[in-house]
Amino acid sequence: MQANWQPLKSGYRAELLLDLPPSAAFMYRVSNNMVQILPGSCVTTPAGYEGEYESQDVIVVGDIQSKQYVLAGAVTAHRSMSHFKLIKRGRFHSITVHQPHIKEGMTPEEIIVLKGEDWRELMIQYAETAAKKMGVAPIDPEKNLTGYCSWYYYYANVSEDDFNENLTALAKAHKDSPFAPQVVQIDDGYQPFQGDWLKCNTRWKSSMKEIAARITAADMTPGIWLMPFLASTASEVYQNHPDWFVKKTDGSVLAMQGWSPAPDHLWCCLDSTIPAVREHLKHLFQTFHSWGYRYFKMDGLGFGMPEGVYSDPSVTPIEAFRMGLKAIREAVPDSFLLGCCPPFMACLGYVDSCRVSPDTSRYWRTPFPELVNCELSPGSPCIANSLHASLANWFMYDRYFRADPDTLMARADNAFYTLGEARMSVLMGVLTGVCITSDHLGTISPERMVLLERAAKYRMRDVKPGDWYPDTWAQVFTGTVEGKHAAAVFNDSETTRRYKLADLGFKGAAMEVFHPMGAIGGELILNAHDGALLIEK
């Protein structure tokens with residue numbers, strides 16, 4: 001393989017020439033959180049055709065028959081993201097990488113190329129290298145993170161009364177249930193406008209300081225949602241400081257369409273190259289910290305690095321984004337920072353956790369009839385989308401950060417999914433060790449509550465996909481639970497399937513603990529849209 005590097009007006013480009021067998025058709029590609037979800041986790045490209053296939057940060061290609069695989073991936077993202085593309089000209093011809101923000105005189109982001117017989121081991125080696133290069137601190141995820149988030153039950157209409165009702169149920173669970181929520185996080189809906197994070201709207205009579213005190217008094221950790229780099233044009237921070245935001249070339253403020261209703265719908269990005277903006281970020285987080293908050297859900301991070309005019313023209317959007325994260329990290333060094341809608345590589349070294357999926361929802365698949373194919377519809381929240389993306393990003397777990405699969409959906413009320421689909425959602429807590437829910441623990445049935453309790457109890461380590469069917473999402477993930485071989489099975493197909501235990505890596509019988517089915521020998525029979533957790537007996 002040869003690499004040909006070329007500086008371009010729009011960044012930096014490299015071409016890696018491939019020398020794989022003509023039968024090579026395997027591709028594993030990755031999408032950042034703000035990029036449309038790519039179909040399938042392992043893809044075979046059509047034989048004989050030409051084509052170009054994009055991936056973010058890293059790509060693996062190879063030949064399944066001869067077990068020859070090549071990985072190309074960026075291991076740094078200090079100034080630019082890296083966009084990979086497989087070029088097929090009848091056969092695999094090359095991989096190109098484009099770094100759009102590397103300007104003349106800058107050193108390109110570092111790329112590594114790995115070869116081997118097992119693409120999964122290449123992904124693990126790649127992730128460990130990137131984490132080291134980006135300064136990720138050692139991660140100790142022995143204890144599962146449990147907690148509550150208000151969003152997926154009430155959405156932006158959450159009120160103080162709603163929250164207090166849930167807090168009472170959470171406090172009881174904290175004392176009486178194996179789920180024992182550690183974090184109680186207020187999500188979007190408390191603020192008057194996006195950007196005015198320290199104030200409350202009319203549905204909240206108490207201050208955020210008073211709310212934090214109630215959570216602390218219940219022996220749980222207060223958490224808060226905010227979009228630190230964004231403010232709507234209706235906010236006070238925008239009205240008072242329009243000079244703080246990224247501009248267009250004509251000098252006007254650059255606005256983006258957000259998901260909030262008017263007049264809160266036009267969002268602008270703070271320019272972190274401005275010292276006053278960094279001081280604003282520090283003040284914001286230190287104020288919440290002084291009120292007792294130690295868990296921060298930082299949303300909208302994908303909006304935090306727009307193409308535009310920055311106060312310091314020598315700084316790229318990625319550099320500005322990381323300057324802002326650095327200011328936040330230094331302001332609250334003892335707090336837990338969760339990045340949502342994140343560009344994964346650009347967050348490394350500054351966050352404790354990242355969402356590795358798009359939004360989930362109260363539905364297995366999107367309820368919107370115009371979005372027929374959930375997996376292919378960007379911005380369509382559903383459990384299936386969240387599940388598949390979380391599983392596709394398995395190589396990040398406990399290497400980049402604590403991986404957040406979004407909230408675990410177990411409840412039957414205010415929900416539109418089956419018990420089996422709930423098992424698959426909650427099973428993600430076992431794989432990632434992050435078990436946050438939006439379920440109302442005062443109304444959830446015992447049958448559904450026990451799912452959350454099992455997610456809090458079990459943790460799979462060294463997760464990686466087992467055998468897979470090309471052009472589908474991987475269904476089986478293996479690892480260890482309490483030092484014993486284990487397998488998590490996600491039957492997201494439309495038919496009952498049989499899984500031989502020997503094919504799942506078991507030498508004898510196994511215990512199924514999520515239904516629970518108990519001791520199983522020979523094979524697991526699993527209904528459509530259902531999940532199971534097997535542990536070596």
Side-chain angles (χ1 to χ4, degrees), residues 3 5 11-16 26-43 52-62 69-87 94-102 107-114 119-136 301-302 304-305 316-319 321-322 325 339-351 353-358 378 388-401 403-404 464-465:
W5 294 92
Y12 217 82
R13 182 181 184 275
E15 182 180 40
L16 309 168
F26 171 91
M27 173 179 56
Y28 192 95
R29 51 185 185 165
V30 176
S31 56
N32 273 301
N33 198 269
M34 292 293 287
V35 176
Q36 180 174 343
I37 298 171
L38 302 170
S41 52
C42 304
V43 180
E52 297 183 356
Y53 305 87
E54 295 182 352
S55 184
Q56 310 293 318
D57 300 335
V58 62
I59 190 169
V60 185
V61 298
Y69 297 97
V70 175
L71 177 150
V75 293
T76 64
H78 297 297
R79 296 164 300 279
S80 179
M81 301 299 289
S82 297
H83 307 279
F84 290 83
K85 185 180 293 184
L86 168 65
I87 309 299
S94 59
I95 295 171
T96 64
V97 56
H98 181 217
Q99 296 173 357
H101 298 119
I102 299 298
T107 302
E109 300 295 345
E110 186 175 349
I111 303 295
I112 62 170
V113 178
L114 303 174
W119 66 271
R120 294 162 291 192
E121 294 301 324
L122 297 182
M123 294 291 284
I124 292 170
Q125 182 181 346
Y126 161 74
E128 291 175 345
T129 302
K132 184 177 180 180
K133 293 279 187 180
M134 292 297 291
V136 175
L301 295 190
M305 54 194 72
T316 71
I318 301 299
E319 285 180 296
F321 174 76
R322 286 181 61 79
L325 285 181
C340 289
C341 297
F344 298 118
M345 291 285 295
C347 291
L348 296 187
Y350 291 127
V351 299
S353 181
C354 263
R355 270 265 303 276
V356 290
S357 77
H388 291 149
S390 295
L391 292 174
N393 290 324
W394 63 272
F395 62 96
M396 301 178 186
Y397 301 174
D398 300 336
R399 296 184 178 93
Y400 281 2
F401 33 60
D404 184 342
K464 66 178 180 180

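Keep in mind it's a predicted model, so treat the numbers as computed, not measured.
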Gap between atom NE2 of H78 and atom CD of E319 - 0.5 Å precision
10.0 Å
Kindly indicate whether the side chain of I87, heavy atoms from C-beta on, has any atom under 4.5 Å from the side chain of T96.
yes
Applying salt bridge (Lys or Arg N to Asp or Glu O under 4.0 Å), name anything that partners R322, two or more places apart in sequence or on another chain.
none
Take N32 and D57, measure what side chain to side chain contact (heavy atoms under 4.5 Å, CB included) needs, and give me the verdict at the end.
CA-CA 8 Å; N32 273 301; D57 300 335; 3.5 Å; yes
Measure the spacing between CZ of F401 and SG of C347 and express it to the nearest 0.5 Å.
7.5 Å
Interatomic distance, N393 atom CG to D404 atom CG [nearest 0.5 angstrom]
12.0 Å
Who passes side-chain contact (heavy atoms from CB on, under 4.5 Å) against V75, sequence neighbours left out?
E110, I112, Y126, T129, A130, K133
Minimal non-hydrogen separation, I318 against S80, with atom names
CG1-CA, 3.7 Å
What is the minimum heavy-atom distance between G349 and V136, and which atoms define it?
N-CG2, 3.9 Å
If you round to the nearest 0.5 Å, how far is CG of L71 from CE of M123?
6.5 Å
Qualifying residues under side-chain contact (heavy atoms from CB on, under 4.5 Å), relative to R399, sequence neighbours excluded:
I124, A127, E128
Less than 4.5 Å apart, any side-chain heavy atom of L301 and any of P343?
yes
Test log, rule side chain to side chain contact (heavy atoms under 4.5 Å, CB included), inputs Y69 and L114:
CA-CA 8 Å; Y69 297 97; L114 303 174; over 6 Å; no
Report yes if some heavy atom in the side chain of Y400 is under 4.5 Å from a heavy atom in the side chain of V351; otherwise report no.
no
Hey, mind stepping through S82 and Q99 against side-chain hydrogen bond (donor to acceptor under 3.5 Å, both in side chains) and telling me if it holds?
CA-CA 5 Å; S82 297; Q99 296 173 357; 3.2 Å; yes
Partners passing side-chain contact (heavy atoms from CB on, under 4.5 Å) against K132 (at least two apart in sequence or in another chain)
none
Who are the side chain to side chain donor-acceptor pair (under 3.5 Å) partners of E121, not counting sequence neighbours?
K464
All ring-ring contact (aromatic ring centres under 6.0 Å, His included) counterparts of F321, not counting sequence neighbours:
F229
Steps toward side chain to side chain contact (heavy atoms under 4.5 Å, CB included) verdict (V30, F395):
CA-CA 11 Å; V30 176; F395 62 96; 3.9 Å; yes
Which heavy atom of P100 sits nearest to which heavy atom of H98, and what is that distance?
CD-O, 3.5 Å
Considering residues at least two apart in sequence or located in another chain, which fulfil the side chain to side chain donor-acceptor pair (under 3.5 Å) criterion with R120?
D118
CE/M134 to CE/M345 distance, rounded to the nearest 0.5 angstrom?
5.5 Å
How far apart are the closest heavy atoms of P108 and R79, and which atoms are they?
O-NH2, 3.7 Å
When rounded to the nearest 0.5 Å, the distance separating CD1 of I95 from CD of E15 is 10.5 Å
Just jot down the ring-ring contact (aromatic ring centres under 6.0 Å, His included) partners of Y53, sequence neighbours excluded, or say none.
none
In chain order, what residues pass the side chain to side chain donor-acceptor pair (under 3.5 Å) check against Y28, with sequence neighbours excluded?
W394
If the condition is side chain to side chain donor-acceptor pair (under 3.5 Å), which residues does H83 pass it with, not counting sequence neighbours?
Q56
